[in-house]
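Below is one structure, written out as structure tokens, with a few remarks after it.
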Amino acid sequence: VSRLRDFVPRAAVLCALVALANGVAWSLITPPFQAPDENAHYAYVQQLAERAAMPHAIYPEGLLSAREDAMLAALNTYGIIDHPAQPSLLTQVQQQLVEATARRDLDPRGDGDALTATDNPPLYYLLEAIPYGLVRSGNVLDQLAAMRALSALIGAGTVLLIYLFLMELLPGRRLAWAAGALIAAFQPLFGFMSGAVNNDDLLNLAAAGALWALARAFRRGLSPAGGALLGGFIGVGLVTKFNMIAFVPGAALAVVLLIRRAWSTERTRALCGGIWAVGLAGVPFGTYLLLNRFVWHRNAIPGGSIGAVRGTGARLFSYPQELSHIWQLFLPSLGMSRQFSYYPLWDTWFKGFFGRFGWVDFAFPGWVFYFALVVATSVCALAIVELIRRRRTLQRRWGELAVYTLVLVSLAVEIGVESYREAIISGGRFEQARYLIPMLGLYAAIAALAVRCGGRRWGSTIAAALVVLAFGHDLFAQGLTIARYYA
Amino acid sequence: MRKRFDSRATVTASLLLLMLLGVSLVILSGHLPKEVIGGTGRSWLGSTSTLAERFALGKSNLVRHWAAPAVVVLMLLSGGLALGTILRERP
């Protein structure tokens, strides 16, 4: 126990408990199936648990189980999504219909289609099958509540790993670690997703773990244990959601740089670490791809294909346009042909990250985002001042910085590629701010740098102010959600 | 003896919490127009029981009867834990 206490500080456990309480609160606030694709993620788990089989795509679209479909109808789920003026249930008559639906002995097995979740890897859903199976009543709402509790626990694990990441990234300032982890714990979009059934939750945990493993390896050198940690987290992420592929180029660069650094002194140790990293990331993912293709007869690559796609709308696929689309999805256009009628950096990413919830169908009023912009700019300015102050250390750690930058760029490219293909295939919008939550560790690091900037004199004050602001932001987001569904 | 909490940080946190409480009370009382706060713009304080009643609808039987008070307790707990943690840490 004492060794564990040395390894995981008490403050890290407290930050994780804060995230757990917040995640459970969000799980109680958000009405059933009013989180993105929750109906599809539930259907995936139901398919695994009831048929012991992977879901498969049925065209044009298969049926969910009668049990889930009846509950979705009783809850008026599709009548609420994308209708911000339509609240959740309001009357006892509607509640009686929900209870009557729950009592009906309907088939929990559907056609095997899990809608948008069908192509996902299975790890998160296998874990969620445990609370699903533990609920003996077979009631969809009871199962969903238990599954959401597991998601909140995974969210707590994510915050614990973010604390450990900050410990390795910014050694010496305990206050900055706690402040960064708490600000991550109170990030409202993260809290909202932690209270929902979605494989993003396990992806976020794997991403936070991979960031920790990278920072640890750069600080202590690449060892077999460190390599296993890095490969393990990437492996877990890859068999959870394909987006984890964004970590692969950065992790590969890190392994090369760390082996090069250790070449004259600890070559064997570093090489063993590299082998562990490649093995633990590659074997689960390779096994999954082979099973997917030859046993489960599903698309080897989620989404279907690499390369050009055929458009059904007015737009035709082109690689230069794809490059332009990816650029403009995150950065201002530099004389390119306009890909968007709005500014994604502001409308999709900033507003989405700081205050859009549900099925992306309601948000804070406009002035809140301008206030958030002032706070975010101030925090970034403090972080930049701290980086300039520590420029010598930064120069020594350029390789590590390059790795985090590459991970961030890879994630942006990965989202951009999917966004462009969705726009070509269906004319729809793919991108959502929640796809950036795997970078929550870097968000926490910016806050932690701002706290460090205050030094011993002002550090505590900046930390206290930022944590209270983050708490307030989270509370108002919950209030907004309550107003959306229950007022 | 070392001080348990940093006094400047404690004052900052207290002031911000008071501001937070003030803004919350103004919003809850419905004194701000709908365009400013979003939602319905109605007073929440006057409709607490209706909100609590609706909050229990369409939820799992495992949670529906205690969901509303649980949210309040959980958020008080998380806020208290967070403040205690941040004020106790040395810069």
Side-chain angles (χ1 to χ4, degrees), chain A residues 11 14-15 17-19 21-22 24-25 28-29 31-32 75 87-92 94-95 98 102 137 139 141-142 144-146 173-175 178-179 182 185-186 362-365 367 454-461 463-465 467-469 471-472 475 478-480 482-484 486-487, chain B residues 5-17 19-20 23-24 27-28 34-42 44 47 50-64 66-68 70-91:
Chain A
L14 290 174
C15 292
L17 286 175
V18 168
N22 189 37
V24 173
L28 297 173
I29 291 169
L75 292 168
S88 188
L89 306 190
L90 298 178
T91 64
Q92 286 299 332
Q94 290 171 306
Q95 174 62 24
V98 169
S137 69
N139 181 332
L141 296 180
D142 293 348
L144 195 74
R173 294 284 175 88
R174 300 171 64 93
L175 178 72
L182 287 171
F186 284 132
F362 66 100
F364 279 121
W367 67 267
R456 297 201 183 280
R457 191 174 166 80
W458 291 102
S460 302
T461 311
V467 169
V468 174
L469 277 175
F471 179 56
L475 280 183
Q478 292 180 345
L480 182 78
I482 291 169
R484 157 73 173 91
Y486 306 103
Chain B
F5 295 133
D6 180 295
S7 54
R8 198 181 288 140
T10 310
V11 170
T12 308
S14 308
L15 282 176
L16 279 168
L17 277 175
M19 278 172 64
L20 195 68
V23 174
S24 305
I27 291 174
L28 291 173
K34 185 186 170 183
E35 298 71 39
V36 178
I37 60 163
T40 61
R42 285 199 300 268
W44 284 35
S47 52
T50 313
L51 274 178
E53 209 172 278
R54 288 177 180 176
F55 201 78
L57 301 179
K59 285 195 165 68
S60 157
N61 284 328
L62 299 174
V63 300
R64 60 184 295 249
W66 51 266
V71 168
V72 176
V73 170
L74 284 166
M75 290 318 291
L76 284 174
L77 185 74
S78 67
L81 265 180
L83 274 179
T85 305
I86 208 69
L87 293 177
R88 227 178 242 134
E89 289 290 349
R90 271 173 294 174

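Just so you know, these numbers use all the heavy atoms, side chains as well, and skip hydrogens, waters and symmetry mates. To find a chain, count down the sequence lines: A is the first, B the second, and so on, and within it residues start at 1.
Within the 4.5 angstrom heavy-atom criterion, no atom of A/Ser137 approaches chain B. Heavy atoms closer than 4.5 Å to chain B are found in the side chain of A/Leu75, but not in its backbone. Of the atoms belonging to B/Ser60, heavy atoms from both backbone and side chain fall under 4.5 Å from chain A. Heavy atoms of A/Leu144 lying under 4.5 Å from chain B are absent altogether. Of the atoms belonging to A/Phe362, not a single heavy atom falls under 4.5 Å from chain B. For A/Gln478, the part lying under 4.5 angstrom from a heavy atom of chain B is the side chain only. With a 4.5 angstrom heavy-atom cutoff, A/Arg173 touches chain B only via side-chain atoms. Both the backbone and the side chain of A/Val24 come within contact range of chain B, with heavy atoms under 4.5 Å apart. Only the side chain of A/Leu182 comes within contact range of chain B, judged by heavy atoms closer than 4.5 Å. Using a 4.5 Å cut-off between heavy atoms, B/Ala56 contacts chain A through its backbone alone, with no side-chain atom that close. Within the 4.5 angstrom heavy-atom criterion, atoms from both the backbone and the side chain of A/Asp142 approach chain B.
Counting heavy-atom neighbours within 6.0 Å of A/Gln94 CD, excluding the residue itself, gives a total above 12. Under a cut-off of 6.0 angstrom, the local environment of CZ in B/Arg8 is crowded, with over 12 non-hydrogen atoms contributed by other residues, nucleotides or ligands.
Here the CG atom belonging to A/Asn22 is positioned 8.0 Å from the CD1 atom belonging to A/Ile29, to the nearest 0.5 angstrom. Taken to the nearest 0.5 Å, the CG atom of A/Leu141 stands 9.5 Å off from the CG atom of B/Leu62. Atoms CZ and CG, from A/Phe471 and B/Leu20 in turn, are 7.0 Å apart once rounded to the nearest 0.5 Å. One finds the CG atom of B/Leu81 at 11.0 Å from the CG atom of B/Leu76 (value rounded to the nearest 0.5 Å). With values rounded to the nearest 0.5 angstrom, A/Leu175 atom CG is found 10.0 Å from A/Arg456 atom CZ. Taken from CG in B/Leu87 to OG1 in B/Thr12, the straight-line distance is 9.5 Å, to the nearest 0.5 Å.
Contacts with chain B were tallied for A/Arg457, A/Gln92, A/Arg174, A/Gln95; A/Gln95 has the most, counting heavy-atom pairs under 4.5 Å. Between chain A and the options B/Gly58, B/Gly80, B/Ala13, the largest number of non-hydrogen pairs under 4.5 Å is found for B/Gly58. The candidate with the highest count of non-hydrogen atom pairs below 4.5 Å against chain A, out of B/Gly84, B/Ala70, B/Ala68, B/Gly79, is B/Gly79. Of the listed residues (A/Pro32, A/Ser88, A/Ser460), the greatest number of heavy-atom pairs within a distance under 4.5 Å of chain B belongs to A/Ser460.
In this structure, B/Lys59 and A/Val98 have side chains that are not in contact, with every pair of non-hydrogen atoms separated by 4.5 Å or more. Counting heavy atoms from C-beta on, the side chains of B/Met75 and A/Leu475 come closer than 4.5 Å.
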